[in-house]
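This report concerns only the one structure given below.
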Amino acid sequence: MSSDSKRGEPVTEHYDRLAPHFVQHWAYSPEFVQWMTSRLAHWLDLAPARRLLDVGCGPGLYAQRLAAHTSEPITCADPSPEMLAQLAADPRLHPLRASAEELAAGEVGVWDAILLKESLHHVAGSKRRAVLHGLACRLAPGGRIVLVMMPTELDRPMPTSARQRLRQAKFTPDSAAKLLAEAGLTVTTGEENFEVTMPTTRYAAMIQDRYMTLLHQVEEAELERAIAELGQQEQLSFQDRYAFITASN
Ligand SMILES: C[S@@+](CC[C@H](N)C(=O)[O-])C[C@H]1O[C@@H](n2cnc3c(N)ncnc32)[C@H](O)[C@@H]1O
């Protein structure tokens, strides 16, 4: 795992770099992936014949599993070519190199469900309203947009400055819900939790690799301190928390 200087690297380069080991970083365990897939299918109200667009799909970890819940192919969109290169060669997954901004501005495609799992924060604040508005226009009648985001408080260990940055973030589940309501959609929000247990060394490697963009700006010395504070215990446990925001037309 490389530990080159990664402070301040652009978002697409960050994801191109992380793509080969993204699944190792983010898919804590098979149980976690199964749990998240079931929560996504629930909030997306996936069913046979429902067309899904996964915006910022990454390596398609969830799209591939969500494909079992619908008879329609899933459009997997991401601006990172390296992420799309990780997509499984599965005829049920249609890769599309595009950002949320491009999809929202385009005139092509109608979907019953649009998922943005931990990707909307990469859209500039000044553009999020227009992006959600544009995506809302691409929904079929009875369609819904589902956002999955980190809440403003996380229980997982991380450097103090990253925790503070998250607390002070202007883009929160509440502000996202407001933007969706302003796009004329009916919004429901909830939080889902999963208890993660993993080897401490594996979590240390994730922090070292700045696996969250939230870790981009953290000084090397602070990063090393946070890793030392993880302690010597073989396993580490924490509650992983996610905000789910559903907006229906
Ligand atoms: C934290 S990853 C989440 C990947 C996937 N949704 C998941 O949960 O496994 C964020 C993804 O958003 C993508 N991304 C970055 N900027 C984006 C943009 N402007 N529009 C759409 N996706 C973007 C990245 O390339 C990356 O694949």
Side-chain angles (χ1 to χ4, degrees), residues 6 9-30 32-41 43-44 52-67 74-88 93 95-106 109 111 113-135 138 145-151 154 156 158 162 166 169 171 176 179 192 194 196 206-207 209-216 240-245:
K6 297 160 198 130
E9 73 182 333
V11 168
T12 305
E13 283 174 31
H14 168 84
Y15 284 110
D16 279 347
R17 175 176 64 79
L18 284 190
H21 38 252
F22 183 87
V23 168
Q24 179 200 341
H25 280 351
W26 285 90
Y28 299 120
S29 63
F32 172 81
V33 175
Q34 199 180 13
W35 170 80
M36 177 57 82
T37 304
S38 78
R39 300 328 299 145
L40 290 171
W43 287 86
L44 287 163
L52 172 64
L53 167 65
D54 186 355
V55 180
C57 64
L61 179 65
Y62 296 108
Q64 196 189 354
R65 288 159 179 83
L66 289 170
I74 297 178
T75 304
C76 300
D78 203 287
S80 158
E82 295 299 329
M83 281 293 188
L84 289 178
Q86 303 292 320
L87 273 187
L93 307 181
L96 177 63
R97 187 173 169 192
S99 65
E101 296 88 320
E102 289 164 337
L103 289 161
W111 288 277
I114 299 178
L115 171 65
L116 296 102
K117 179 177 173 296
E118 299 181 89
S119 55
L120 188 60
H121 61 291
H122 292 311
V123 172
S126 59
K127 294 189 182 159
R128 279 184 206 125
R129 179 187 305 268
V131 162
L132 290 178
H133 219 281
L135 291 177
R138 308 253 50 85
I145 293 176
V146 174
L147 305 183
V148 184
M149 297 174 62
M150 286 180 183
L154 285 183
R156 64 182 93 168
M158 68 169 127
L166 183 62
F171 184 51
L179 289 179
E192 304 268 12
F194 184 90
V196 173
M206 289 162 57
I207 297 272
D209 217 20
R210 302 178 191 268
Y211 80 113
M212 294 189 279
T213 40
L214 202 55
L215 298 174
H216 264 200
D240 206 22
R241 304 167 54 204
Y242 295 89
F244 281 74
I245 305 139

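Heads up: numbering here begins at 1 and tracks the sequence. When a ligand or atom number is given, it counts from 1 through the structure's own listing order.
- Because its NZ or CZ atom is both nearer than 6.0 Å to the ring centre of F171 and within 45° of the ring axis, R128 counts as a cation-pi partner of that residue.
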Please step through side-chain contact (heavy atoms from CB on, under 4.5 Å) for the pair M150 and H121, ending with a clear verdict.
CA-CA 10 Å; M150 286 180 183; H121 61 291; over 6 Å; no

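- Counting heavy-atom neighbours within 6.0 Å of R129 CZ, excluding the residue itself, gives a total of 12 or less.
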Could you go through L103 and R138, starting from their C-alpha distance and side-chain angles, then the distance that decides it, and tell me whether this counts as side-chain contact (heavy atoms from CB on, under 4.5 Å)?
CA-CA 9 Å; L103 289 161; R138 308 253 50 85; over 6 Å; no

Set out, in order, the CA-CA distance, both residues' side-chain angles and the distance that settles side-chain contact (heavy atoms from CB on, under 4.5 Å) for V131 and V55, then state yes or no.
CA-CA 11 Å; V131 162; V55 180; over 6 Å; no

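- Using a 4.0 Å cut-off between heavy atoms, P59 makes no contact with ligand 1 at all.
- The atoms of ligand 1 that sit less than 4.0 Å from any heavy atom of E118 are 1 (C), 2 (S), 3 (C), 10 (C).
- Proximity of K117 to ligand 1, defined as any heavy-atom pair under 4.0 Å, is shared by backbone and side chain alike.
- Protein heavy atom at the shortest distance from atom 21 (C) of ligand 1 is A100 N, 3.4 Å.
- Within the listing of ligand 1, atoms 25 (O) sit less than 4.0 angstrom from a heavy atom of S80.
- Under a 4.0 Å N-O distance rule, the pair E101/K127 does not qualify as a salt bridge.
- Taking a cut-off of under 4.0 Å to the non-hydrogen atoms of E101, the atoms of ligand 1 that pass are 18 (C), 19 (N), 20 (N).
- H122 CD2, 3.5 Å is the protein heavy atom nearest to atom 15 (C) of ligand 1.
- No part of L61 comes within 4.0 Å of ligand 1, judged by heavy-atom distances.
- Residue, atom and distance of the protein heavy atom nearest to atom 12 (O) of ligand 1 are S119 CB, 3.5 Å.
- The closest donor-acceptor contact from the side chain of E102 to the backbone of S99 lies under 3.5 Å.
- What sits closest to atom 17 (C) of ligand 1 on the protein, heavy atoms only, is P79 CG, 3.6 Å.
- Which parts of ligand 1 touch D78 is read off a 4.0 Å heavy-atom cut-off, strictly below it: atoms 11 (C), 13 (C), 24 (C), 25 (O), 26 (C), 27 (O).
- With hydrogens left out, the protein atom closest to atom 9 (O) of ligand 1 is F22 CE2, 3.6 Å, a heavy atom.
- The aromatic rings of F32 and F194 lie perpendicular to each other, with more than 60° between the two planes, well past the 30° mark.
- Atoms of ligand 1 found under 4.0 Å from any heavy atom of G58, numbered from 1 in the order shown, are 4 (C), 27 (O).
- R65 places a side-chain N or O within 3.5 Å of a backbone atom of L61 that can act as its donor or acceptor partner.
- Protein heavy atom nearest atom 24 (C) of ligand 1, with residue, atom name and distance: Y15 CD1, 3.3 Å.
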Steps toward side-chain contact (heavy atoms from CB on, under 4.5 Å) verdict (Y242, M36):
CA-CA 10 Å; Y242 295 89; M36 177 57 82; 3.7 Å; yes

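- The protein heavy-atom contact nearest to atom 5 (C) of ligand 1 is G56 O, 3.3 Å.
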